[in-house]
Amino acid sequence: MRDCPFCAPDRELVLETPQVLAFPDAYPVTDGHTLVCPRRHVETVFDLDDDGWAALWRAVRAVQRLLAEQVAADGWNVGVNSGAAAGQTVPHAHVHVIPRRHGDVADPVGGVRAVIAGRADYWSQR
């Protein structure tokens, strides 16, 4: 896609393989927030073939390891927004690798479950 910002990112690459690119998020939620994208333009990670899927997730692990050497992190969020209903704003498959630190939010318990307000605290809803 000619106008896709992830097909030819105009920023420094964190990692580059024959199948995958990784680069800093343009609007990072934490220091070190990085996007990992397949080079082939597909809309969601679920549109990847098996080789592309495996290459993407190998790169996610490699990016996490690189970031662990570069930024102080106490934990990690790895996330995929797949489709507009899930919050995907750029229609090119990508994975967010987000370093987390103690105290960066008041209460991180529930992690990715907090994407839907009021649903992270499942343990008290029994």
Side-chain angles (χ1 to χ4, degrees):
M1 298 235 22
R2 196 174 67 218
D3 297 330
C4 176
F6 293 174
C7 283
D10 62 352
R11 46 203 130 169
E12 168 188 340
L13 296 179
V14 172
L15 179 86
E16 184 175 8
T17 75
Q19 292 180 288
V20 177
L21 297 174
F23 46 88
D25 190 289
Y27 304 98
V29 297
T30 69
D31 182 39
H33 180 173
T34 299
L35 301 180
V36 183
C37 305
R39 285 182 182 268
R40 185 168 71 88
H41 186 92
V42 296
E43 189 167 325
T44 78
V45 297
F46 301 111
D47 298 320
L48 290 165
D49 61 20
D50 290 346
D51 290 339
W53 178 272
L56 180 70
W57 291 101
R58 277 193 306 273
V60 166
R61 182 173 49 200
V63 164
Q64 185 276 332
R65 289 175 177 167
L66 286 170
L67 290 173
E69 295 174 2
Q70 299 170 0
V71 300
D74 301 309
W76 302 86
N77 284 116
V78 175
V80 177
N81 302 319
S82 188
Q88 184 177 4
T89 57
V90 176
H92 183 127
H94 58 285
V95 178
H96 295 259
V97 180
I98 304 171
R100 297 296 304 274
R101 287 125 186 131
H102 292 297
D104 62 4
V105 296
D107 184 7
V109 175
V112 298
R113 296 180 62 84
V115 299
I116 297 180
R119 299 306 299 251
D121 181 8
Y122 63 88
W123 51 91
S124 65
Q125 297 176 19
R126 295 181 199 181

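For the residue pair V42 and P38, the shortest heavy atom distance occurs at CG2-CG, 4.3 Å. Residues G32 and T34 share a closest heavy-atom pair of O-OG1, 2.7 Å.
Note on V36 and V14: same hydrophobic cluster, where clusters join Ile, Leu, Val, Met, Phe, Trp and Tyr whose side-chain heavy atoms are under 4.5 Å apart, directly or indirectly. Hydrophobic clustering (side-chain heavy atoms under 4.5 Å, transitive across Ile, Leu, Val, Met, Phe, Trp, Tyr) groups W57 together with F46.
Among residues two or more places apart in sequence or in another chain, the salt bridge (Lys or Arg N to Asp or Glu O under 4.0 Å) test is passed with E16 by R39.
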key: From CA spacing to verdict: side chain to side chain contact (heavy atoms under 4.5 Å, CB included), V95, V45   = CA-CA 8 Å; V95 178; V45 297; 4.3 Å; yes
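Applying the salt bridge (charged side-chain N to carboxylate O under 4.0 Å, His left out) rule to pairs touching residues 45-57 yields nothing, sequence neighbours excluded.
The line from NE2 of H94 to CD of E43 is 11.0 Å long, rounded to the nearest 0.5 Å.
Residue V29 belongs to a hydrophobic cluster whose other members are I98, with links defined by side-chain heavy atoms closer than 4.5 Å.
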List, one per line, each side-chain donor-acceptor pair under 3.5 Å for residues 61-82, sequence neighbours excluded.
from: D74; atom 1: OD2; to: H102; atom 2: N; distance (Å): 2.8
from: N77; atom 1: OD1; to: R100; atom 2: NH1; distance (Å): 2.5

Under 3.5 Å donor-acceptor pairs involving side-chain atoms of residues 18-26, not counting sequence neighbours:
from: D25; atom 1: OD1; to: Y27; atom 2: N; distance (Å): 2.6
from: D25; atom 1: OD2; to: H33; atom 2: NE2; distance (Å): 3.4

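Judged by distance alone, the side chain of H41 and the main-chain N or O of F6 form no donor-acceptor pair under 3.5 Å.
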